[in-house]
*Asks:* 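Please read through the structure below; I'll follow up with questions.
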Amino acid sequence: IKAVLRIVEDVLPKDLKALADDAKAKLGSGVVAFITVADGKASLVVGVTLLIVKFTAYFITESTAIYSDAVESIANVLGSAVAFYALTVAHRPADKDHPWGHGKIEFLSAGFEGGLILLAAVFILIRTVEALWTGQLLREQALSFGLLLLVLAMVVNGVVGFMLLRTGRKRGSMTLEADGKHLLSDV
């Protein structure tokens, strides 16, 4: 988890407080910007962690059902990364090139996340047909542990999904709402 946090920290803007202070000074919404960016960061960290947990469960069990959940987690992580970026851009103050602000990027982020879900569905369908065609067997002795990992992931997805949905509605962030709904669809 520490390695994941270091990777995520390398991708994030170096000074989230400066971003929030700049937005507060120019828009009067620094607290909102900081909260939504922090939620985006939390979603990304949780997504990467659950991706690792789900692929671990798949490699232990070789279950096609667990594989489908793990692949969909890739969409979660990519969606969260784009959502996080969109949130950092959306809360920038208006400038010469964007006189009404940067908030429209949230529409693109929400659409991108929807596209990722469709793409994940295609990969899951291909893998399912392949498993049915070849008659792939499970590692039954490891199934209980794999399912335990998935239940843990489901609970975490539910909690983070509700948190993002609530914050998105409260702050008027379509990006956080889309990310929250996506996570809740996994539950």
*Asks:* Taking side chain as C-beta onward, heavy atoms only, is Val122 less than 4.5 Å from Ile126?
*Replies:* yes
*Asks:* Roughly how far apart are Leu125 CG and Glu130 CD, rounded to 0.5 Å?
*Replies:* 11.5 Å
*Asks:* Measuring only between side-chain heavy atoms, which start at C-beta, is Tyr58 closer than 4.5 Å to Val71?
*Replies:* no
*Asks:* Can you confirm whether Leu150 sits close enough to Lys54 that some side-chain heavy atom of one is under 4.5 Å from a side-chain heavy atom of the other?
*Replies:* yes
*Asks:* Same cluster or not: are Ile117 and Leu50 linked, directly or through other Ile, Leu, Val, Met, Phe, Trp or Tyr residues, by side-chain heavy atoms under 4.5 angstrom apart?
*Replies:* no
*Asks:* If we ignore hydrogens and angles and just use 3.5 Å, is the side chain of Ser109 paired with the main-chain N or O of Ile105 as donor and acceptor?
*Replies:* no
*Asks:* To the nearest 0.5 Å, what is the distance between CD1 (Ile124) and CG (Leu119)?
*Replies:* 10.0 Å
*Asks:* Tell me whether Val159 is reachable from Met154 by hopping between hydrophobic residues (I, L, V, M, F, W, Y) whose side-chain heavy atoms are closer than 4.5 Å.
*Replies:* no
*Asks:* Hey, quick one: are Val82 and Val48 part of the same hydrophobic cluster, counting side-chain heavy atoms closer than 4.5 Å, chains of contacts allowed?
*Replies:* yes
*Asks:* State yes or no: do Ile74 and Phe123 share one hydrophobic cluster built from I, L, V, M, F, W and Y residues joined by side-chain heavy-atom distances below 4.5 Å, directly or via other members?
*Replies:* yes
*Asks:* Spell out, yes or no, whether Ile66 and Ile60 are grouped together once hydrophobic residues are joined by side-chain heavy atoms under 4.5 Å, including indirect joins.
*Replies:* no
*Asks:* Once you round to the nearest 0.5 Å, how far does CG of Leu165 lie from NZ of Lys181?
*Replies:* 6.5 Å
*Asks:* What is the distance from atom OG of Ser73 to atom CG of Leu78, rounded to the nearest 0.5 Å?
*Replies:* 11.0 Å
*Asks:* Could you tell me which residues satisfy salt bridge (charged side-chain N to carboxylate O under 4.0 Å, His left out) with Arg169, sequence neighbours excluded, listed by chain and number?
*Replies:* Glu177
*Asks:* Kindly check if the number of other-residue, nucleotide or ligand heavy atoms within 6.0 Å of CZ (Phe55) is above 12?
*Replies:* yes
*Asks:* Work out which heavy atom in Ala75 is nearest to a heavy atom in Leu116; give both atom names and the distance.
*Replies:* O-CD1, 3.6 Å
*Asks:* If you round to the nearest 0.5 Å, how far is CG of Leu152 from CG of Asn157?
*Replies:* 10.0 Å
